[in-house]
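Report on the following structure.
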Amino acid sequence: MDDAIAQLRTTNPQSPPRSLSRWRPTRATSADSAAAERGERGAPGHSGGRFARVVRGADTDPRWARPALLGLLLLTAIAYFYNLTASGYANSFYSAAAQAGSQSWKAFFYGSSDAANAITVDKPPASLWAMALSIRVFGLNSFAILLPQVLMGLATVGVVYATVKRYFGAAAGLLSGAVMALTPVAVLMFRFNNPDALLVLLMALGAWATMRSIEKGSAKWMMLVGVFIGLGFLTKTLQVLLVVPFFGIAYLVAANTTLRRRIVGAVAGVAAMVLSAGWWVAIVELVPASMRPYIGGSQDNSFLSLTFGYNGFGRLNGNETGSVGGGNGWGTTGIGRMFSSQIGGQISWLIPAALVLLVAGLVIRGRRPRTDLRRAAYLVWGGWLLVTGLTFSFMAGIFHEYYTVALAPAVAAVVGMGAAEAWEKRDGWFGRGTLAAATAAASVWGWVLLSRTTAYGDWLRFGVLAVGLAAAALMLGLNLLHRKAIPFVVTGAIVAGLAGPAAYSWTTLQTGHEGSIVTAGPSTGGMGGMGGARGGTPPTGGFGGAPGQGTNGTGGTNGTTPGAPGGTNGGTTGGTTGAPGVTTGGATGTGQSGGMGGLLNASTPNTAVVAALQADSSKYTWAAAAIGSQNAAGLQLGSGEPVMSIGGFNGSDPSPTLAQFKQYVAEGKIHYFLAGGGMGGATGGGSNTASQISSWVTANFKSVTIGGTTFYDLTQPLSGS
C-alpha cells in the first residue's frame, strides 16, 4: 500500500512543502498518452525483452502497476473458474441452442433451439456463437458452455482497468478493476451462460473506444464504437442502446476536433452501428420464412417485431404479448428499485458512493476546457450509470435481478475515477469531504444490505459499519494525520466498501446456479422457487406423468411463488399436482426449481428416456417434441438429438401451427411427444397453438411410459384416428 500511494506524488519542484504533497497523484500528460499510444514500453535502460515489457508495463507507469494488474486478473480468473461446473448446463434454454449451433451451421447462424431449426431463441445469436464454437472444440459439457463467459469477465475487468487508468492513473484503474471483479451480480453472470456477459463486455469496449475517439477527435474510433454497439445489439437487441446517448453526447461535446468533424464522426459511428448489426437482421428478414426457423418470442415470425415488441418497448411498458408476467409481476417499480431487498445485494453496494463521487467529479471538472478528458469520462461512465439505472428502475415489463450486471462497469469506473479525483484534491476541504462522504455512504449502505441476511452474522455488518465510519472521519482530517497513518485509512475505506460485495461473491462462488432466474449471494427472500441455486433435494417425478397425473416436486428452499396457470406451485413444502399434462418436477438435484417447473428450468432425462430418443433417431428430423423450450432443452441436452420446442420459451408462440405439426407427423418427422409442460399461451395474450397440438396428440396417439415419464408415440395412432 505504501508503494501504491507513493506513486501518487507531484513532480513539480515548485510545489510548496506540505504534509501531503509527496502523495499527490501524477496527472496523465499528453506526452504520456502519446507514448502509450505508440506503444513505447522499451525506453533506454529497459531490458529483458518482450516478456519483461509485458510484466513491467509502460515506463511511465509506477513499477507496481503492471504486476498489480496481472495479480488482479489472476485472482479474478481463479475465482471465476473455481467451482465453475457446479452449475451444470446453467440456463438449459441457451445451452441447448449452443449445442444445436455446434451441430448445424444453419442453427449456429440463426440461433436455433434445435439442430433441425424449428424455432430460434428469443434473442439474437451473438452470445450463442461463442458457446457453440467452444462446444465444437471441447465437446458438450458444462465447462465448454461456461468458459466463454469467464473469459468475457476477465476481459471486462481488463477493459475497465485500462480505460480508467489512461485518464486517472494506475491506482484508479486498479480500484475500478477490483470493484468490477467483486460485484456480486458480475461474479454470477460471468459464470453463467445468459447473453448478459457478452453484452457487458461489448458495452465496456464501447466506452473504451468512445474515450479514445474523444481523445483523438477521430471518426475512425467512433466507427469502432458503432461496431461494438452493433455487436451488442446482436447479443441482446435494444438494451445496448441505453449507453449510446451519453457516448454520443460526450463525443459531440468533448472530442478534440472541430464541430463539423464531431458531427461527421457521430454520424459515422451510427452508420457503423447500423451496418454491424443490420447485415444479420437484413438476412433474417429477407430470407423466406419457409427457409429459416421461426423467430422465437415473436407472434408473427418477425425479428423486427420481436426487437421492438417483446424485447423492446414491451419491456418498458409491460405490454409483452406471450409473456409470463409484467407490471407488478416483476417487482415494484420506482427510484428505489435498485436498492430493494431483491435487487440491492446484486449491484447497489457502491451505487451511493458512486453517485457522490460522480457529482463531486463533475464539480471539480466543471470549469475545465471543452476537451477535458476527465470530464468526458464522467459523461461516458456517469451517463451510462444514470440512464441504465433509471431505465431498470421504472421499466414495467419483464425484469430479472441479473439484468443489473449492465450497471457494474459504470459503477466500478465512476468509483475509481471519482476516488482518484477527490484524492488529488485532499489538501482542500472539498476533496476530503468527498472522500469521507463516499466512504460513509459505502459503509452505511453495506451495513443495510448485510442486515438483510443472516448468512454472515453480526460481526461482518457491524465491522463494515465501524471501519467505514472511522475511515470516513479520519478522511476529514487527512491533512492532520501523520503520513504513516494514511495508508491505513485508505485501506480501511477500501475494505469497508468491498467487504460486503466480496462476501456475497464468495457465497455465489460456492453454489451452482441453474434455470432462467438466478441471483447472486445468499437468500434475502426474493423471487424464490423460480430456478436458482443448485443443491437441494431432488424433486420426484422428473419429466412428469400422464395428463392429470403430475407428481409433487420437492420445491425450492425459498420459493413461495405460486406456479403460473398450467405450471406448478413451488415452495418449501413442494409443488402441488399440476394441471392436466403439466410437469411438476424441476431439474434433477436443483434446490430452487419449484416455482414454474419446466417453464424456467429443464429436467434431466433418465437413461431409459435417452435410449428411447436415440433409438432409430436417424429416421426422424426431431426425436421428440415438447411444449416450452426448457422441456425440449432437457430432452435435447440429455439425448444429443434435436427436440422441437413447441411454442418457444413460454409455449406461447404460434409455432408450429396445428396444421404444420400434423404435416410433420404425417411425414414421419417426429417420433415422440412429451406429455404436458409449458404455459401454452395461457397468459400474456400469446397463441394457444401449443394447447391445440397437445389436445390433438392426446386424442389420436398412444401414450407410452418410458422410465416413469409419459410420452405419446407419434408413430402409433389410436385405432380409428
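This one's a predicted model, so the numbers in the text were calculated from it and none came from an experiment.
Taking the centre and axis of the six-membered ring of Phe399, the NZ or CZ atom of Arg337 falls inside the cone set by 45° and 6.0 Å. For the pair Arg315 and Tyr310, the distance from NZ or CZ to the six-membered ring centre is under 6.0 Å and the angle to the ring normal is within 45 degrees. Phe93 does not carry Lys123 over the face of its six-membered ring by the limits of under 6.0 Å from the centre and within 45° of the normal.
In this structure, Phe247 has its ring center no closer than 6.0 Å to that of Tyr251.
Distance alone, capped at 3.5 Å, is enough to place a donor-acceptor pair between the Arg191 side chain and the Tyr82 backbone.
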Inset, instruction - Decide yes or no on salt bridge (charged side-chain N to carboxylate O under 4.0 Å, His left out) for Arg432 and Asp427, but give the supporting numbers first. - result: CA-CA 7 Å; Arg432 295 195 303 274; Asp427 282 350; 5.8 Å; no
Inset, instruction - Would you please test Glu424 and Arg374 for salt bridge (charged side-chain N to carboxylate O under 4.0 Å, His left out) and show each step? - result: CA-CA 13 Å; Glu424 290 180 2; Arg374 287 191 170 187; 2.9 Å; yes
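In the displayed structure, Arg367 atom CZ is contacted under 6.0 Å by at most 12 heavy atoms of other residues, nucleotides or ligands.
Taking the six-membered ring for Trp and thresholds of 30 and 60 degrees, Trp208 and Phe228 have ring planes inclined between 30 and 60 degrees apart.
In plain terms, the two heavy atoms of Met338 and Ser393 that are nearest each other are CG-OG, 3.7 Å. Considering all non-hydrogen atoms of both residues, Gly206 and Thr210 come closest at O-OG1, 2.7 Å. Residues Phe190 and Thr156 come closest through the heavy atom pair CZ-OG1, 3.7 Å.
Between the side chains of Tyr456 and Thr507, at least one donor N or O lies within less than 3.5 Å of an accepting N or O.
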